[in-house]
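Remarks on the structure that follows.
Each chain gets a letter, A, B and so on, in the order the sequences are listed, and its residues count up from 1.
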Amino acid sequence: MTYRTASIIAYIAFFAVVLALPLVLNSFWTNRVAIYLVYSICAIGISMSWGYAGILSLGQGLFFGMGAYMLAMSLTLAVPENNPVPQLMLLNMEPNAVRDLCCVTTGSFLWIPFRSVAVGMIAGIVVPCILAAAIGYVMFKRRTTGVYVSIITLAFAVIGQLLIINNQPLTGGFNGLADLALLEIGGFEFDPYGPSAYYAVALTLIAVILLARYMLTGRIGQVLKAIREDEARARYLGYDVENYKLFIFCVSAGVAGLAGMLFTVTSEFATPSLMATSLSISMVIWAATGGRASLLGACIGALIVNFVGSLASESATFQPVWPIILGLLFVVVVLFMPNGIAGIFKAFIDRPGKAERLGGAKLSGKTERPDKADLLVKSELSAREA
Amino acid sequence: MNAVHRPSQAGAVSTAPILRTQNLTVRFDEFPAVRDVDLSIADGELRVIIGANGAGKSTLLDLLCGKTLPSEGEIWLRDRNITGIGEAAIARSGVGRKFQTPTVFKDMTVLENLQVASNRRVRVFENLFERVKGRPSDKEVAVAERTGLLGSMKRKASELSHGQLQWLELAMVLSQEPKIILLDEPAAGMTAAETDKTAELLLDLAGGHTVLVIEHDMAFVRRICRTITVMHQGAVLAEGTAEEIERNPAVIEAYLGSATLSHA
Ligand SMILES: Nc1ncnc2c1ncn2[C@@H]1O[C@H](COP(=O)(O)OP(=O)(O)O)[C@@H](O)[C@H]1O
Ligand SMILES: [Mg+2]
């Protein structure tokens with residue numbers, strides 16, 4: 001079996017398991033796994049930018065959090081008690097302010113478009129993309145690379161989190177947005193503990209994987225790989241490296257924003273902790289564990305790490321040391337298995353000794369062209385030597 | 001006949017310069033690595049630049065391909081001023097560069113390297129829905145055949161020998177279909193047989209392509225060359241045929257008499 005066949009089988013098996021899980025899970029676990037699948041989408045975003053383009057963003061939580069907040073704002077306004085003005089603003093307004101979204105607190109007008117849930121959903125992807133475009137433009141046009149990209153993105157996430165915390169009258173501050181309405185589209189309600197929200201997440205995940213795979217196995221992926229290896233070389237071949245980086249960085253931010261929205265749907269809150277450095281770094285650990293250059297690997301990495309993490313959090317012994325374990329896991333993965341679980345899978349499929357057992361069938365099944373060409377070149381060389 | 005190999009028209013070389021530099025100068029902390037270079041390369045010409053180590057040859061190519069910004073002077077490709085427009089734009093306008101130490105994408109196969117190089121639709125949105133073919137196009141086969149890489153199409157670049165890496169980078173530059181090819185010591189580190197093949201390849205390119213090649217080895221230079229430009233301490237010292245250069249007293253004093261090249 002070639003690696004390609006094996007990975008297609010792995011993808012199909014993964015999709016099948018994901019789609020079948022709600023049949024065997026209770027409502028508590030349906031919700032839990034849905035949230036893990038949201039994290040898987042985050043890990044795919046990391047894999048796209050880090051695994052395929054070498055851009056290690058440590059501020060992915062900023063985009064994730066923005067996505068979550070955009071939808072949470074709409075779902076806040078969808079609660080009847082939050083009209084015409086959300087409770088959180090009433091608590092923080094000046095004594096004689098007008099009770100209208102336009103001017104109840106400074107900046108409250110920014111909420112007006114979010115009366116429409118559709119706007120919230122679009123903003124959940126578009127706003128992170130625009131934010132990433134702005135940050136990315138500044139970074140990449142100045143040819144910032146490597147660890148500096150990580151530091152800058154991390155700094156922006158910290159700034160974003162502080163802005164949310166410090167603008168309590170507008171954002172709900174430290175407490176974030178809670179007591180949200182359930183997401184409802186065309187009369188259909190997504191119950192976070194039922195199969196509806198689960199399938200919204202699962203189907204989005206599958207769509208994201210398929211689209212990302214389509215894109216990354218195409219020309220864009222090839223150019224990004226070249227850029228990751230030697231961006232100067234790519235420039236001398238005529239590629240505007242900055243634009244490619246900007247593109248994948250924005251797509252990755254959009255994916256994170258999408259995940260953030262689904263987080264709001266499944267968890268029913270958005271808080272500044274979504275933009276915390278620890279979550280951004282966790283996302284990188286998930287992707288690294290599963291295999292950053294593999295979309296499916298990153299996905300599975302997120303599932304496994306979170307599942308084990310939740311088991312650990314229920315144990316009195318492991319709960320306090322879990323962050324340490326997570327940190328060590330990252331070090332071990334980076335040092336000893338740079339391609340993570342996906343790398344182990346590939347090594348297993350390509351393991352030596354397999355070719356003999358197949359009786360050379362693998363070789364004869366390969367394309368004929370290079371073989372013929374081999375002969376051609378060899379005869380040409382020997383002709384020259386003669 | 002293949003797509004890359006255009007009929008050679010030796011003797012019928014047009015004289016309009018394809019590449020021209022004016023007062024090209026670059027200083028690194030006041031040290032002039034390249035000084036007032038006025039270069040004029042005709043369409044279809046095979047030009048060799050020689051000079052001792054540190055004469056500024058590689059830096060000159062760096063200026064031409066945009067890797068280094070000139071302190072003064074201009075670079076013209078036909079009637080376009082390409083000074084300071086950025087490496088990618090310079091490459092797109094038709095300058096292809098091969099580096100002194102081969103720079104290829106080591107983690108990719110030979111075919112993938114050629115595909116990345118030969119893709120002339122380089123913008124993000126042009127490539128968005130573009131698929132990658134598993135088999136080489138006729139053009140890629142032709143380039144690989146020319147550089148002796150046809151048998152290695154599916155091999156990772158990291159598995160190639162040093163000589164093959166040099167050819168792969170040359171193949172990538174050819175795939176770009178540049179108006180002018182800049183080669184920095186293409187035979188460096190090659191075995192005698194490989195050097196022979198490289199010389200043949202360059203002669204084969206001449207006429208169909210405009211080539212600017214830096215070379216160290218005088219025997220190699222005599223073999224491939226028509227016009228030689230001698231660089232010394234960043235400036236052009238002399239220009240002419242091999243015989244003229246070898247008779248030029250200034251060149252003999254500055255360069256040919258020195259130990260660096262006496263083995264040639
Ligand atoms: N980026 C740089 N910074 C400082 N000095 C440089 C730089 N690049 C080249 N030089 C200097 O310029 C001179 C010419 O170098 P180079 O062009 O590599 O010579 P050549 O290729 O002819 O051997 C050398 O003295 C080298 O040290
Ligand atoms: Mg040099």
Side-chain angles (χ1 to χ4, degrees), chain A residues 2 4 53-54 140-141 143 211 214-251 293 338-339 363 366-385, chain B residues 65-67 86-99 103-108 111-113 115-132 134-136 141 144-145 148-155 157 169 172-173 175-176 178 182 193 196-197 200:
Chain A
T2 64
R4 198 184 140 74
F140 300 133
K141 288 291 169 187
R143 299 203 177 167
L211 284 174
Y214 175 80
M215 192 175 82
L216 294 169
T217 53
R219 205 45 116 169
I220 289 265
Q222 195 178 47
V223 177
L224 285 173
K225 191 173 166 193
I227 289 173
R228 185 186 66 192
E229 269 201 60
D230 189 340
E231 63 173 80
R233 221 311 157 230
R235 283 202 181 92
Y236 299 120
L237 293 174
Y239 294 100
D240 283 316
V241 168
E242 303 74 34
N243 294 348
Y244 279 86
K245 288 187 167 182
L246 196 55
F247 170 77
I248 197 73
F249 188 61
C250 288
V251 171
N339 296 314
L363 288 177
K366 277 230 165 134
T367 51
E368 331 70 48
R369 204 177 215 166
D371 297 343
K372 240 190 251 165
D374 245 339
L375 291 176
L376 229 159
V377 171
K378 271 180 201 139
S379 63
E380 190 192 358
L381 280 179
S382 54
R384 269 180 204 200
E385 273 152 28
Chain B
C65 74
K67 183 177 179 191
E87 305 96 308
I90 290 178
R92 286 197 296 269
S93 71
V95 177
R97 162 103 191 247
K98 190 201 155 305
F99 290 85
T103 46
V104 303
F105 305 112
K106 287 261 174 72
D107 217 26
M108 298 169 115
L111 175 59
E112 286 170 331
N113 270 283
Q115 284 172 333
V116 171
S118 62
N119 180 19
R120 290 300 85 210
R121 306 205 307 187
V122 293
R123 291 177 205 287
V124 177
F125 290 99
E126 286 173 339
N127 285 317
L128 204 47
F129 301 107
E130 197 68 20
R131 307 316 296 160
V132 173
R135 283 173 162 273
V141 169
E145 198 162 16
L149 290 168
L150 200 48
S152 314
M153 280 297 214
K154 299 269 167 177
R155 283 171 70 196
E169 199 185 11
M172 288 165 73
V173 173
S175 300
Q176 277 179 267
L182 311 177
D196 273 354
K197 186 163 185 282
E200 268 173 45

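- With contacts defined as side-chain heavy-atom distances shorter than 4.5 Å, the pair A:Leu237/B:Met172 qualifies.
- Counting only heavy atoms from C-beta outward, the side chains of A:Tyr236 and B:Gln176 never approach each other to under 4.5 Å.
- Looking at B:Asn119, both its backbone and its side chain come within 4.5 Å of chain A, counting heavy atoms on both sides.
- In this structure, chain A has heavy atoms under 4.5 Å from both the backbone and the side chain of B:Phe129.
- Here the straight-line distance linking atom CZ of B:Arg97 with atom CZ of A:Arg233 works out to 8.5 Å at 0.5 Å rounding.
- Within the 4.5 Å cutoff, the side chain of A:Phe247 has no heavy atoms near those of the B:Asn127 side chain.
- The residues B:Arg92 and A:Asp240 are annotated as salt-bridged, a charged nitrogen and a carboxylate oxygen being separated by less than 4.0 angstrom.
- The two residues B:Ala91 and A:Gly238 have their closest heavy-atom pair at CB-N, 3.5 Å.
- For the set B:Arg155, B:Arg121, B:Lys106, B:Met108, the count of heavy-atom pairs under 4.5 angstrom toward chain A peaks at B:Met108.
- Looking at every heavy atom in both residues, B:Thr103 comes nearest to A:Asp230 through CB-OD2, 4.0 Å.
- Judged by distance alone, the side chain of A:Glu229 and the main-chain N or O of B:Asp107 form a donor-acceptor pair under 3.5 Å.
- Residues A:Lys225 and B:Val116 are not in side-chain contact: their nearest non-hydrogen atoms beyond the backbone lie 4.5 Å or more apart.
- When each of A:Val223, A:Ile220, A:Ile248, A:Thr217 is scored by its heavy-atom pairs under 4.5 Å with chain B, the top score falls to A:Ile220.
- Rounding to the nearest 0.5 Å places CD1 of A:Ile227 at 8.5 Å from CZ of B:Phe105.
- Using a 4.0 Å cut-off between a side-chain N of Lys or Arg and a carboxylate O of Asp or Glu, A:Arg219 and B:Glu126 do not qualify as a salt bridge.
- For the set A:Gly221, A:Ala234, A:Ala226, A:Ala232, the count of heavy-atom pairs under 4.5 angstrom toward chain B peaks at A:Ala226.
- Contacts of A:Tyr244 with chain B are made by both backbone and side-chain atoms, with heavy-atom separations under 4.5 Å.
- Under a cutoff of 6.0 Å and an axis angle of 45°, B:Arg131 and A:Tyr214 form a cation-pi pair.
- Highest contact tally toward chain A, considering only B:Leu111, B:Asp196, B:Val132, B:Val95, is held by B:Val132 [criterion: heavy-atom pairs under 4.5 Å].
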